[in-house]
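Numbers restart at 1 for each chain; the letters A, B, ... are given by sequence-line order, proteins then strands.
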Number of protein chains: 2
Amino acid sequence: MSALAGDNRLPRYQRLADALRARIVDRSWKPGDRIPSENVIAEQFGVAPGTARQALAALVDEGLLERQHGRGTFVRRPSFDQSLFRFFRFSGAAGERLIPESRILRRSVDVMPSEVARQLGVSEGSEGIAMDRLRLIDGAPILAEQIWLPLPRFQPFLAIDPADIGPLLYPIYDASCEQTVARAEESLTAEAADATLARLLRVARGTPLIVIDRLARDYAGDALEWRRSRGPAERFRYRTEIR
Amino acid sequence: MSALAGDNRLPRYQRLADALRARIVDRSWKPGDRIPSENVIAEQFGVAPGTARQALAALVDEGLLERQHGRGTFVRRPSFDQSLFRFFRFSGAAGERLIPESRILRRSVDVMPSEVARQLGVSEGSEGIAMDRLRLIDGAPILAEQIWLPLPRFQPFLAIDPADIGPLLYPIYDASCEQTVARAEESLTAEAADATLARLLRVARGTPLIVIDRLARDYAGDALEWRRSRGPAERFRYRTEIR
DNA sequence: GGTGTATAGTTCTATATAGAAGTATAAAAC
DNA sequence: GTTTTATACTTCTATATAGAACTATACACC
């Protein structure tokens with residue numbers, strides 16, 4: 001039976017939630033893993049089952065855990081790649097979801113722009129991996145992406161043959177660099193296509209483009225990836241509900 | 001003690017939540033009201049206090065209620081007007097929030113466009129109130145709005161002198177027509193400014209504009225207002241967190 | 001008038017317990 | 001081999017209860 005650490009002025013269920021969150025952050029529980037049952041946890045930490053449930057509910061609320069009636073409690077596997085679909089309406093003939101192909105235009109090591117370095121939380125003038133990609137559906141370009149990865153954290157990524165890099169990057173980060181993207185902040189605006197982007201995306205200069213900036217972080221909150229994606233606004237629609 | 005209505009295969013806390021939600025929908029509990037305490041509710045409906053708490057928590061989650069430790073449980077007062085600030089970065093010199101002034105350009109009764117009628121859930125060819133507004137900060141236009149309100153629901157709104165209509169419409173709907181906006185669906189894209197919008201917003205033709213479509217609904221889910229707002233993309237930035 | 005104090009009412013935290021409902025696996029029956 | 005049954009384990013629902021923490025109000029006191 002582990003004791004509950006932390007400020008004991010805080011409620012027990014919160015301290016328990018902190019303890020469980022720590023296990024996810026330090027990767028002793030990995031995405032997809034089943035964690036012990038609520039009764040076992042309650043016993044291990046010496047709290048009532050109801051208190052354990054409250055802690056678990058809080059972590060479900062944070063998006064860290066997923067519970068399945070009768071099966072168990074699992075570390076949620078973050079999947080963002082579908083998040084693009086909340087933005088762009090790529091749909092096949094049958095309206096099914098499809099993941100755009102990826103064509104890597106460039107990958108190099110360079111000094112990061114100061115704004116990127118700042119957002120990634122590394123010192124000004126640091127080097128990082130720069131990658132430009134074009135995303136296409138049926139050969140038609142729909143998204144131009146600029147990506148920056150900090151070094152040395154992503155050093156192993158450089159060893160991967162670009163030909164082996166599929167459209168989904170986060171599983172690759174996970175497998176090759178043990179970096180798990182847990183959440184991301186996105187910020188969205190629009191601008192007119194300049195000559196370069198117009199050529200890339202095969203639209204007229206001045207065509208309105210949606211610009212999505214994304215900063216991806218791991219469970220600990222460290223920034224892992226900076227990404228800017230641009231696509232023709234015409235294909236773009238973002239929906240949300242407010243209350 | 002009221003009995004718990006509804007399908008008794010559903011959990012009690014859900015049926016209790018349904019019963020409480022109904023009181024908000026039928027306006028016997030209005031926004032800002034304090035509702036009975038959890039113990040009173042538990043007794044009234046013949047459930048355990050814990051079950052009542054679970055029902056209340058569900059409604060808090062839906063955004064219908066707000067609880068304050070030691071004070072009570074209140075019907076949440078929906079306030080959307082700040083929702084604009086999640087989108088546009090209007091900030092004064094001190095960075096304080098400010099509500100853009102409003103200039104009403106037109107108000108008339110017309111046959112609704114079929115798409116608007118469809119979204120408002122009224123029959124094709126129905127008449128409604130059309131209103132065009134310009135939102136300005138320090139005299140500079142930043143948002144052009146087109147608004148449609150269904151008739152006869154909003155008949156009393158026509159009696160209001162446009163000069164008496166301030167920037168915030170929802171409180172006016174509430175006071176004059178007893179229509180409370182409880183939630184809204186927004187959908188967002190971008191387009192190039194045509195000649196009319198360019199003149200209105202004082203930008204060059206072809207300038208990228210953000211387009212926000214909003215469908216506002218009451219607690220019962222009836223559509224109350226259709227609104228399309230357009231502003232220069234340059235002043236626009238939408239932020240969200242995904243996980 | 002202003003300050004502290006008691007009191008009642010509220011939500012929040014925590015415990016203990018019982019059984020329902022869903023899932024997976026192994027054993028039994030056919 | 002296939003289907004059914006039993007079993008164990010999981011989360012979910014529901015009850016009952018006690019006290020902590022917070023808020024507002026009325027009252028006594030100076």
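In this structure, B:Ile41 places its CD1 atom 15 Å from C1' of C:dG9, rounding to the nearest Å. If you take CZ of B:Phe74 and P of D:dT23, they are 12 Å apart, rounded to a whole angstrom. Rounded to whole Å, atom C1' of C:dA20 lies 15 Å from atom CG of B:Leu10. When the C1' atom of D:dT10 is taken as reference, atom CD of A:Glu66 falls 16 Å away, rounded to whole Å. In this structure, B:Leu59 places its CG atom 16 Å from C1' of C:dT11, rounding to the nearest Å. The nearest whole Å value for the distance from the CG atom in B:Asn39 to the P atom in C:dG9 is 11 Å. When rounded to the nearest whole Å, the span between CZ of A:Arg53 and P of C:dA16 equals 17 Å.
Nearer the 5' end of DNA chain C, as judged by each residue's closest nucleotide, is the contact made by A:Val47, out of A:Val47 and A:Gln68.
Salt bridge annotation for A:Glu241-B:Arg183: present, with a cationic side-chain nitrogen under 4.0 angstrom from a carboxylate oxygen. In summary, B:Arg77 and B:Glu66 do not engage in a salt bridge, as defined by a charged side-chain N under 4.0 Å from a carboxylate O. Contact check on B:Glu62 versus B:Arg21 returns a salt bridge, with a Lys/Arg side-chain nitrogen under 4.0 Å from an Asp/Glu carboxylate oxygen. The pair B:Asp218-A:Arg243 does not count as a salt bridge, with every side-chain nitrogen at least 4.0 angstrom from each carboxylate oxygen.
In this structure, of D:dT17, D:dA14, D:dT11, it is D:dA14 that holds the atom nearest to the side chain of B:Tyr13. In this structure, of D:dA14, D:dC22, D:dT11, it is D:dC22 that holds the atom nearest to the side chain of B:His69. The side chain of A:Ser37 lies closest to D:dT10 when the candidates are C:dC12, D:dT10, D:dC12. With D:dT15, C:dC12, D:dC12 as the choices, the nucleotide that has an atom nearest any side-chain atom of B:Ala48 turns out to be D:dT15. The side chain of B:Arg34 sits closest to C:dT10 out of C:dT10, C:dA14, D:dT11. Set against D:dT11, C:dT10, D:dA14, the side chain of B:Arg12 has D:dA14 as its closest nucleotide.
Regarding contacts with the backbone of D:dC22, every side-chain N or O of B:Arg71 stays at 4.0 angstrom or more from both OP1 and OP2. For the pair A:Arg67 and D:dT11, the criterion of a side-chain N or O lying under 4.0 Å from OP1 or OP2 is met. The shortest distance between the side-chain N/O atoms of A:Thr73 and the OP1/OP2 oxygens of D:dT11 is below 4.0 Å. The phosphate of D:dT15 (OP1 or OP2) has a side-chain N or O of B:Thr51 nearer than 4.0 angstrom. At the phosphate of D:dT13, OP1 or OP2 sits under 4.0 Å from a side-chain N or O atom of B:Gln54.
Using modelled atom types, one finds a donor on one side chain and an acceptor on the other under 3.5 Å when comparing A:Ser187 with B:Arg237.
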